Asks: 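One structure, pasted below without further comment.
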Amino acid sequence: MPAPVLDPQQQRVVEHRSGPLLVLGGPGTGKTTVLVELVAARVRAGLDPGHVLLLASSPRSAAALRDRLAQRIGGVLREPPARTPHSYAFGLLRRQAVRAGLPTPRLLSGAEQQLVITDLLAGDPTRWPVEVRPALRTRAFANQLRDLLLRAVERGVDPADLAELGRRYDRPLWVAAAAFAHEYAGVTALAHPGAYDPAELVRAAVDLLREQAAVLAAEQSLRRLVVVDEYSEADPALVDLLRLLAGGGRDLVVSGDPDTSVFGFRGAEPALLARFPTDFPRADGSAAPGVLLTVNHRLGPQLLDVAARVSARLGGAGPQRRMSSAVPAGNGGPGTAVRVLASSTDEVTQVAAHLRRRHLLAGVPWSQMAVLVRAAGDLAPMRRGLARHGVPVAQRAEEVALAQQAPVRALLDLLAVLVGRDAPTPERVDDLLCGPYGGLDPVRLAAVRRSLLEEERRAGGTRRADELVVAAVLGDGAVPPRARAVLGLRAVLAAGSSAAGVGSVEDVLWALWEAAGVAPGWREAALAGGEDGTAADRDLDAVLALFDAAGQFTDRLPGAGPAAFLDHVRAQQVPAAAGSAPGRDPQAVTVLTVHAAKDREWDTVAVCRVLEESWPDLRRRDTLLGIVDLLELRSTGRVAGPAEQVSALLAAERRLFYVAVTRARRDLLVTAVDDGEVRPSRLLEDLCPADRPEPSVGLPDRVLSLPRLVGELRAAVCDPAASEADRAEAARLLAVLARERVPGAHPDQWYGLPAVSDPRPLSERGQPLTLSPSQVEKYLRCPLRWMLQRAGGDTGGAVRAAIGSLVHDLAFEAAAQSLSAEEVWASYERRWADLDTGQGWLARRERRRVDAMVQRLLGWLADETRDLVGAEVDMRVQVGDVVVAGRVDRLERGPDGSLVVVDFKTGASTPTRAEVAEHPQLGVYQWALGAGGAEPVVGPDVVPGGGRLVHLGLRRGERAKEQDQPALGQADDPQWPRALVEQVRAGASRPAFAALVGSWCGGCPVRTSCPAQPEGGRVTS
Ligand code: SF4
């Protein structure tokens, strides 16, 4: 790796020969670079790399430093020269334990700490103030208590100090927590000898160095040069460690920028940077010198101007804020843009449009772009939105807490049901069935529910669909063939249950995973690549991470069962591996939080969701136990008032914004939304120069993506208002794209343009065709609708159809079994429960509508005087190659002995009198009756005596409405219904079907495929 060109200030750092040195510089001034060069220069001058200790603020930064150093020094290093303070402290403690012949120390996991705290809290509650006793057994209290203990340890506050502070400042909770801390320390020392709390590591190393002079001397002689990057994220424990290792005027070089300190919530104190010269004086007692880096090597003049405007609001003097740019003006980037959009959707579109332009027009690689958000919750929607617009997005599973990753969450949900942590409620079982290991989707689940219900009713049972699904999944009984899809989940749970009896949590998870059988499919998808492949890859990684976590958990806590592991993983709010070394760097855009973006940089950066409601986040971070107050007391000696705390929070949020806007090398886009509910953040004002108007709400730019381009070109080609020249140019460009096989560019792939795939008729003459009387009616209304619905084009309406069947069934039951009104109502109640219409207002309205229908049916039945011949009577007649088959709701005998066809209607509309006279369905039933279609029921030689429609679904009125069709014998041509059947037969034998527009089009389920309708026109035009 070639040596970077250093500016004079940087050169001064590299040439620093001995003693303490503070390197102060803003973002992009090359602080990290100069530290690496300093170490490289010392090594070249003869210093053994093993005598260098380079401390970084996070494992990811340490890994990046190691890489850079290795490239500059070359050769093989004995031990990692760059580490986090925790890693260094742990190594020191381990080496010392080995030397002393003690067991190798290990880190206490969060789960172990949580278990001990929860157990102790379950003990004597009387030591705690009365007001918090009800909360002692809650997870939130245990978390807060653990947090308080960690922060106290970091600040060197032992239990005695905490109790004293509690008494002095009238904080009885601190006094109680101090007693608890004492007990906790004793228990962990006994139960986990050699185990350290992570927060305790640096303090433990400090104690070791203080207590054992020989160890201290050895470390001091070994660590000839100590270098600390990002000292602005230091905490008091690190300062104590450095004092011992490199105090007294030894070689100690630190760098930092107090304006970019953003890890206050982890204990960082930016003020420590300013105190460095006096905390670490030279050997002669004078203050440590400093070098101020003022030349910015990342930000061009325009981006530097933005940085200056934001930093001007940070308060304090900040000499590091006065920077000049070494980057040429322009630098190939458009600089800064601030955009306010009308909705979150528009915001994502704008970001996607910007990134695609930068990639396509300026050649910025995807890997050199990042999208930053304030809150982790915004990551997933942003990633999804960008991917939708054709922006490749790096999916870093490790940035999401393990339990929140979909395939892991689903496995944990299975485990939770298995170990009894979650009750198997119907909703939960539905979720499991439709999750990644259940194998169903909502449509198939609905079919399963119906099938289980039918079987239950057939067997005379009364259980609801919800209960049946739960029983089918958790039980071991037979299920009907159409509900067999639930058996997959049943097998998964059974496998997990067998393993739970004998194995560890790892075994149980493995049994669940194996039984689910999804691995081969995911592997295949991952190997196939593309968007689905990336998702499958990520899912497999997440599951592997879960197995890793389970393995470690089992190793550390052999006695803890699956339930404890479940609590442990579900309690993790942050990614376990956050901040670890970067993994693969795919050709994709990085989407991450601003905290995770610290000390990184890209060519193009978009900072999004800069909303007043969430950034600045001014919610007080303090807790029931007063952790923030404790930190304040330790660092300033006093507790800040509410106003001061808000002011401190605002300053921290501004620093975070400063970090965000200083990550870009070439161009920066900042976006916000103004939709009436959320507003752009006040932080945006810092970006905008006073002499320019504030950004107003605007439309997103056009996304330069192939699908979008193809769509626009196709629209231009087909636009009759466009000029011939434009249409020809659009056609030419489409031809170019089609040659490159861009999907949708070739007219062969356009709707409606391909030639008819099969010119043969739907049903050729001679082939049997079965028609019901109602289908005859449907064909005559609109042949196209009839054909499309017959070919499967019916969508939705399942509940409506089921309600229609319910009313018809009730009518049949009432007639066939001579039920009383009460019995009909009881049957209705049972059937309604089975319909599973939900609980919302829509369901309640539908229920009222059907109540009215049943009421009308009962009224009509009570008033009906004609004799009932039969209900649900099958009718079947063959005419040539047509079979007319249907089922008549009722057949009644009139006073003259003739038979009348009765049909119940549950729709709201009624035909006119003239239409009833020619009603095809009634007519065809009458004709079929006369032709012997119901002979098994009514005998031969029947004379049809007319038809009757009974309307039950009217919008108003308490009584059913009847409409009569005269007997066929009274018509001029008594065979007119047969002529209709032949007309349908002839139509079905043709290859084309006409769209007949009429009042019935409003509710047509195939409108979107109908060329006579605007929404369907695109199919053929
Ligand atoms: S919208 Fe009207 S014309 Fe078109 S298919 Fe449906 S019923 Fe026929």
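Note that the structure is a prediction, hence the values are computed from the model and not measured. One is the number of the first residue; the rest follow in order along the sequence. Values below: all heavy atoms of this structure, side chains included; hydrogens, waters and symmetry mates excluded. Atoms within each ligand, like the ligands themselves, are counted from 1 in listed order.
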Asks: Is E982 reaching over with its side chain to a backbone N or O of A979, donor-acceptor style, under 3.5 angstrom?
Replies: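 Not confirmed, E982 side chain does not pair with A979 backbone.
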Asks: Between side-chain atoms of residues 932-953 and protein atoms elsewhere (two or more places apart, or another chain), which donor-acceptor pairs fall under 3.5 Å?
Replies:
residue: R948; atom: NE; partner: D964; partner atom: OD1; Å: 2.7
residue: R948; atom: NH1; partner: E962; partner atom: OE1; Å: 3.4
residue: R948; atom: NH2; partner: D964; partner atom: OD2; Å: 3.2
residue: H951; atom: NE2; partner: Q963; partner atom: OE1; Å: 2.7

Asks: For Q855 and E958, does a side-chain donor sit closer than 3.5 Å to a side-chain acceptor?
Replies: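 Looking only at side-chain atoms, E958 and Q855 do not form any donor-acceptor pair under 3.5 Å.
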Asks: With heavy atoms of Q1013 as the reference, note each atom of ligand 1 found under 4.0 Å away.
Replies: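 Contacts of ligand 1 toward Q1013, numbered from 1: 1 (S), 2 (Fe).
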Asks: What count do you get for protein N/O/S atoms less than 2.8 Å from atom 8 (Fe) of ligand 1?
Replies: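 My tally for this metal is 1.
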Asks: Check whether the side chains of R985 and S763 place a donor and an acceptor atom closer than 3.5 Å, and report yes or no.
Replies: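 Side chains of R985 and S763: pair found under 3.5 Å.
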Asks: Has the side chain of D881 got a donor or acceptor atom that lies under 3.5 Å from a matching backbone atom of G766?
Replies: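 Yes.
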Asks: Quick one: is the NZ or CZ of R781 closer than 6.0 Å to the six-membered ring centre of W786, and within 45° of its axis?
Replies: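 Ring-cation test returns no.
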